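Hydrogens, waters and symmetry mates play no part in the numbers below; they use all other heavy atoms, side chains included. Per chain, numbering begins at 1; letters A, B, ... match sequence-line order. Quick caveat, the model's predicted, so the values are computed rather than measured.
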Number of protein chains: 2
Amino acid sequence: MNIKEVAKRAKVSTATVSRTINNSEKVKPRTAERVRKAIEELNFYPNTHARTLVSGRSRMLGLIISDITNPFFPELVKSFEDEAVQRGKEVIIGNTDYNPKRMAGCIQRMVERKVDGVVIMTSEADPGLMMELTRRNIPTVFMDTGKPGPHTANIRIDYAQGIQEALQHLFALNHRRIAFISGPMNLESARIRHAAFVDGMKERGIGDHLMLEKGNHRIEGGAMAMRSLLKMSPRPTAVMASNDLTAIGALGVIQDANLKVPDDLSLIGFDDISFAHLTQPPLTTITLSRTQLAVTAFAALEALIRKEDGSHADYTISTHLVMRRSTGAI
Amino acid sequence: MNIKEVAKRAKVSTATVSRTINNSEKVKPRTAERVRKAIEELNFYPNTHARTLVSGRSRMLGLIISDITNPFFPELVKSFEDEAVQRGKEVIIGNTDYNPKRMAGCIQRMVERKVDGVVIMTSEADPGLMMELTRRNIPTVFMDTGKPGPHTANIRIDYAQGIQEALQHLFALNHRRIAFISGPMNLESARIRHAAFVDGMKERGIGDHLMLEKGNHRIEGGAMAMRSLLKMSPRPTAVMASNDLTAIGALGVIQDANLKVPDDLSLIGFDDISFAHLTQPPLTTITLSRTQLAVTAFAALEALIRKEDGSHADYTISTHLVMRRSTGAI
DNA sequence: CTGTATTCTGTAAACGATTACATACCAAGC
DNA sequence: GCTTGGTATGTAATCGTTTACAGAATACAG
């Protein structure tokens with residue numbers, strides 16, 4: 001079932017069939033009609049591999065994320081895919097699991113599959129590896145990480161903004177002993193969030209003896225870190241977590257210890273995943289619009305793909321505090 | 001950067017390079033070494049499209065799911081992908097969003113991409129469309145739906161078992177006015193769950209005036225249905241939901257109405273997503289092992305791909321009640 | 001009718017791998 | 001030194017499209 005059989009049935013050449021499929025050049029309406037009928041009757045689907053092989057374009061976009069089981073990412077994937085499907089592109093997802101080895105595997109697959117472009121929403125690989133994509137002239141959009149370069153766009157997320165708002169909120173509520181549970185430190189986004197917290201505390205004159213615990217952006221990591229924090233004396237009166245899953249893990253531990261949020265401890269997450277407002281109490285967190293991020297990333301990538309000059313572009317996305325009951329607000 | 005350049009650099013023919021890459025036939029160790037060195041130096045990745053075109057195998061598997069933002073599915077995707085990556089296969093995901101049109105698009109893409117096999121974990125398309133895959137001799141594993149046929153395996157999930165256990169549990173706690181919030185009725189799994197509930201109630205002598213509400217397997221659907229249920233009088237003393245997201249949506253509405261779970265109302269979900277034990281109170285639900293499902297699906301598919309006879313196979317996966325505080329247990 | 005411009009269609013060469021088949025190489029046995 | 005047989009390598013066809021180029025058909029003006 002290939003283009004030849006269609007051609008034979010429609011009594012035209014394969015070139016004409018190809019032109020009809022792609023409406024790349026003028027085909028006489030009556031001929032096109034015959035071809036379409038033949039395609040219909042034979043139930044013909046063009047072979048994308050043959051197509052990609054000769055044209056060099058695969059109509060696929062790569063999207064690399066760090067953890068598909070973190071609801072932040074599926075929401076992002078969905079928005080991105082919606083954009084792509086509308087434009088007749090396909091998305092293939094690479095899931096790194098916070099693991100540089102798997103990240104390398106993802107990038108290799110993207111190259112092998114000859115994707116038209118890649119969006120990298122994670123950063124646990126060594127920079128050299130990521131540059132492999134630009135070295136092969138594959139348009140790439142980096143989030144957080146990545147230096148300006150040809151065939152490249154950067155999306156910078158203003159994590160610091162949201163964290164400043166959060167600290168301001170906590171200080172207004174008279175919290176001073178504020179702990180922070182970080183994410184995996186091989187992630188640029190986790191490093192930035194961590195640094196923004198430390199800087200914010202320093203600016204407010206509390207630079208020493210910060211209560212910092214390590215998490216991993218997963219629920220168990222948050223739980224484990226929280227157990228350590230509860231052993232401290234005096235223990236913190238507020239906890240900020242590097243993401244919502246971490247906060248949710250912490251919340252469970254706090255409640256298991258028969259402490260009340262926000263009466264005994266205030267809690268703030270990051271990401272505003274859909275479950276954040278469903279916890280008891282609903283979680284105060286920092287929001288980052290998935291739709292905006294996805295739309296920006298897609299637009300940035302399309303722009304890179306279209307223009308030949310390989311010039312660079314930068315985008316910024318803001319973050320903001322969402323007050324809910326886990327800090328006593330509302 | 002293609003196989004020819006590698007061949008030239010290693011001073012061998014392209015055939016030898018191909019053989020080294022695939023270790024398909026004996027290559028003298030010294031020659032293989034030279035080839036590998038050339039590949040390394042040139043940073044060569046084989047073009048998968050060329051490869052697929054001639055060999056007919058793409059090393060990709062399709063996985064079609066209904067909603068990537070429902071945590072049940074990412075967990076499943078992850079398990080499935082782990083299996084696949086270990087065996088050197090890739091997974092491409094199709095997300096239907098409970099939409100038959102998008103389902104059709106997913107299937108078309110799987111055909112176009114020449115996947116080696118497909119696992120269909122959803123069922124909102126018309127059966128004829130799904131048969132398109134088997135008509136093209138693409139090995140396919142169906143969950144819930146699908147009839148026995150060549151190049152086909154079926155995984156049946158014993159939803160009824162878990163639902164029976166749940167009803168037994170509720171009856172033991174003296175509930176009689178038990179409501180059910182269903183899922184999207186174009187999904188076979190939702191229909192089966194619904195039917196199992198109705199059957200179970202009938203068996204227990206409560207077949208009339210059942211309190212049945214429609215949901216959509218999403219949080220808002222559960223919330224909306226619950227609002228209707230709360231308006232009833234007498235209102236139900238227990239609610240079973242077709243999945244956990246539905247139950248979580250219902251839980252929010254119940255608590256907003258200042259009612260207590262389980263004191264005023266008991267609640268049971270389905271799926272046992274990772275957030276189910278993090279709600280307040282933790283959600284009693286019915287568990288269905290994602291790992292077991294993924295491993296079974298992968299094994300079934302591999303078996304279909306390997307054997308040429310196109311014979312059919314059936315598998316069953318069980319479900320069980322997990323008691324937590326939302327029904328007053330523990 | 002003829003010539004010319006325009007539109008449409010066909011021919012055939014790519015694209016980059018795999019693989020059937022042919023051939024070169026080499027060691028062992030006599 | 002000559003078979004024999006196995007191993008290692010090379011040659012060239014092939015997969016199913018796209019697309020540059022050439023050639024046919026059509027329209028239109030004179």
Q) Is a side-chain N or O of A:T152 found less than 3.5 angstrom from the main chain of A:P150, in a donor-acceptor match? A)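 Yes; judged by distance alone, with no hydrogens or angles, the pair exists.
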**Q.** Check ion pair B:R135-B:E132 (N to O, under 4.0 angstrom)
**A.**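 Yes, charged N to carboxylate O under 4.0 Å.
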Q) Is A:E90 salt-bridged to B:R113, cutoff N-O under 4.0 Å? A)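 A salt bridge links A:E90 with B:R113.
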Considering just the side-chain nitrogens and oxygens of [X], establish if one lies under 4.0 Å of OP1 or OP2 belonging to [N].
X: B:S18; N: C:dT18; value: yes
X: B:R30; N: D:dT9; value: no
X: A:N2; N: D:dC15; value: no
X: B:T16; N: D:dG10; value: yes
X: B:S13; N: D:dG10; value: yes
X: A:R59; N: D:dT17; value: no

Spacing between [X] atom [atom1] and [N] atom [atom2], to the nearest angstrom:
X: A:K11; N: C:dT9; atom1: NZ; atom2: C1'; answer: 16 Å
X: B:N22; N: D:dT9; atom1: CG; atom2: C1'; answer: 16 Å
X: B:I21; N: C:dG16; atom1: CD1; atom2: C1'; answer: 11 Å
X: A:I3; N: C:dA12; atom1: CD1; atom2: P; answer: 17 Å
X: B:E5; N: C:dC15; atom1: CD; atom2: C1'; answer: 14 Å
X: A:L53; N: D:dT18; atom1: CG; atom2: P; answer: 11 Å
X: A:R34; N: C:dC8; atom1: CZ; atom2: P; answer: 14 Å
X: B:R51; N: D:dG16; atom1: CZ; atom2: P; answer: 18 Å

Q. More 5' along DNA chain D: B:K26 or A:A15, using each one's nearest nucleotide?
A.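 Nearer the 5' end of the strand: B:K26.
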Q.
For B:V54 and B:T14, find the nucleotide of DNA chain D closest to each by heavy atoms; which residue's nucleotide sits nearer the 5' end?
A.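 Closest to the 5' end, via its nearest nucleotide, is B:T14.
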Categorize [X] for me: base, sugar-phosphate, or nothing, with a 4.0 angstrom heavy-atom threshold over every strand shown.
X: B:T31; value: sugar-phosphate
X: B:V27; value: sugar-phosphate
X: B:V12; value: sugar-phosphate

Q. For B:R57 and B:H49, take the nucleotide of DNA chain C holding the closest heavy atom to each; which residue's nucleotide lies nearer the 5' end?
A.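 So the residue in question is B:H49.
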**Q.** Nucleotide of D:dT17, C:dT19, C:dG16 approaching B:A50 most closely (side-chain heavy atoms)
**A.**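 The listed nucleotide nearest to B:A50's side chain is C:dG16.
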Q) Rounded to the nearest 0.5 Å, what separation is found between the CD1 atom of B:I120 and the CE atom of B:M103? A)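 Interatomic distance, B:I120 CD1 to B:M103 CE, rounded to 0.5 Å: 4.5 Å.
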Q: Return the orientation label for the A:H49 and B:H49 ring planes: parallel under 30°, perpendicular over 60°, tilted otherwise.
A: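 Ring orientation of A:H49 relative to B:H49: tilted.
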(Q) With a 6.0 Å cut-off (strictly less than), is the heavy-atom count around CZ of A:R87, excluding the residue itself, greater than 12? (A)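 More than 12 within 6.0 Å, yes.
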